There are 2 protein chains.
Amino acid sequence: MARQSKPFALARLFAALADPTRLRLLNLMAEREVCVCYFVEILQQGQPKISRHLAYLRNAGIVSARREGKWMHYSIRRPRDAAANSILDAVFATFENNREMQADSLRLLRACCKPELLALQRAPVPSALHSEAQ
Amino acid sequence: MARQSKPFALARLFAALADPTRLRLLNLMAEREVCVCYFVEILQQGQPKISRHLAYLRNAGIVSARREGKWMHYSIRRPRDAAANSILDAVFATFENNREMQADSLRLLRACCKPELLALQRAPVPSALHSEAQ
DNA sequence: AAATTATATACGCCTTGACAAATATATTCT
DNA sequence: AGAATATATTTGTCAAGGCGTATATAATTT
């Protein structure tokens, strides 16, 4: 069996990107840490589904999690590998020209300005958004 | 059920990239059209396996095939979609810094200079290689 | 401590796709 | 036409992973 470590590592990254829900999650995290509860509301998908996809991304090393009380905040974790990093750059660049992704981002902005519109009470507002949405 | 055409299309591209054998095939095709027989010899993998992966890439619209007598030549097919295109650019860029991929490319160069070393007689030499290997 | 809230994991079901081995197809050679 | 060559597809098996439902865990509130 021939060794082919690098191709395998790259393939693993692409597998992590090979799902529309995971791409949408990554897009929402592009510039900020986001709480799970927002993912659920904005993507309008079941909470276990969101959690499973976040776990997948965490396993793939693309995302890291931080607990804050009851809430879990997820954020992009830049890979140590330069190749993976440049590919992620390209991916995020395409998000900026994508209608659906922009729509998701807008929903996140709005939700954070008026969290009372969601099913959430006292949901944590990502600090990075205060300045952006001003 | 919400529409999310674009994320689905992107995810499909990544699924096509999520396999080490397919990545190696794409790398070999990066700058030239390549005959199936070379893939088999260089990657040292069974012919049906190579063919199946090439069919997958063709289905995903990343690659196109051209028949020439008994031989099938495969080459990169640049996607119409700008997003997919820029991602492919990033992918090929990482190939250039990847040891394993460079080793594969070298093996292709050598095989084309001395096709008699392979199990192939009268294998077609990719025209693009004449100038590169001079 | 009991109830509530937020998130994660387990379970069962189903689809996709990877593989090897066998077989089919297409083209060329004799 | 028949044999040989190059490639593609089929078949059967297996593992990964997607989904919804149910349940477990963790932190907070009362």
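Being a predicted model, the structure only gives us computed values, none of them experimental. A note on names: the letters A, B, ... follow the listed sequences, proteins ahead of strands, and every chain is numbered from 1.
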Q) Is any side-chain nitrogen or oxygen of B:Y74 closer than 4.0 Å to OP1 or OP2 of D:dA8? A) yes
Q: Would you mind telling me which of C:dA6, C:dT28, D:dT7 lies closest to the side-chain atoms of B:C37?
A: D:dT7
Q | Phosphate OP1/OP2 of C:dA18: any B:R22 side-chain N/O under 4.0 Å | A | yes
Q: Identify whether any heavy atom of A:G69 sits under 4.0 Å from a base atom; if not, whether one sits that close to sugar-phosphate; answer base, sugar-phosphate or nothing.
A: sugar-phosphate
Q.
Does C:dC19 have its OP1 or OP2 closer than 4.0 Å to a side-chain nitrogen or oxygen of B:H53?
A. yes
(Q) Nearest whole Å is fine: how far is D:dA26 P from A:E68 CD? (A) 19 Å
Q.
I want to check something: taking the side chain as every heavy atom from C-beta on, are B:C37 and B:E41 in contact at a cut-off of under 4.5 Å?
A. no
Q) Once you round it to whole Å, what is the distance between P of D:dA16 and CZ of A:F8? A) 13 Å
Q. Whole-Å distance between C:dT5 P and A:W71 CH2?
A. 12 Å
Q.
Can you work out whether B:R52 or B:V40 has the more 5'-proximal nearest nucleotide on DNA chain D?
A. B:V40
Q: Could you point out which residue of B:Y56, B:F39, B:Y74 forms a side chain to side chain contact (heavy atoms under 4.5 Å, CB included) with B:L25?
A: B:F39
Q) Given atom CZ of B:R12 and atom P of D:dG18, what is their separation to the nearest angstrom? A) 16 Å
Q: Report the nucleotide, chosen from D:dA8, C:dT9, C:dT5, that has the shortest atom-to-atom distance to any side-chain atom of A:A55.
A: C:dT9
**Q.** B:Y56 vs D:dA8: side-chain N/O to OP1/OP2 distance below 4.0 Å
**A.** no
Q. To the nearest Å, how far apart are A:N59 CG and C:dA8 P?
A. 12 Å
Q) Atom CD1 of B:I87 and atom CG of A:L88: how far apart are they, to the nearest 0.5 Å? A) 10.0 Å
Q. Expressed in angstrom and rounded to an integer, what is the separation of A:D19 atom CG from D:dA16 atom C1'?
A. 13 Å
Q: Please determine, for the side chain of A:R67, which listed nucleotide (D:dA27, C:dA8, D:dT7) has the closest atom?
A: D:dA27
**Q.** Any donor-acceptor N/O pair under 3.5 Å between D:dA8 base and B:Q47 side chain
**A.** yes
Q. Judged by atom type as modelled, is there a donor-acceptor pair below 3.5 Å linking the side chain of A:R77 to the main-chain atoms of A:S64?
A. no
Q. Hey, does A:L10 have a side-chain heavy atom less than 4.5 Å from the side chain of B:V91?
A. no
Q) Any side-chain N or O of A:K49 less than 4.0 Å from the OP1 or OP2 oxygen of D:dC19? A) yes
Q: Please tell me which of the listed nucleotides, C:dT27, C:dT5, C:dA8, lies nearest to the side chain of A:K70?
A: C:dT5
**Q.** Rounded distance (Å) that lies between atom C1' of C:dA6 and atom CG of A:L54
**A.** 13 Å
(Q) Rounded to whole Å, how long is the line connecting atom CD of B:E41 with atom C1' of D:dT7? (A) 14 Å
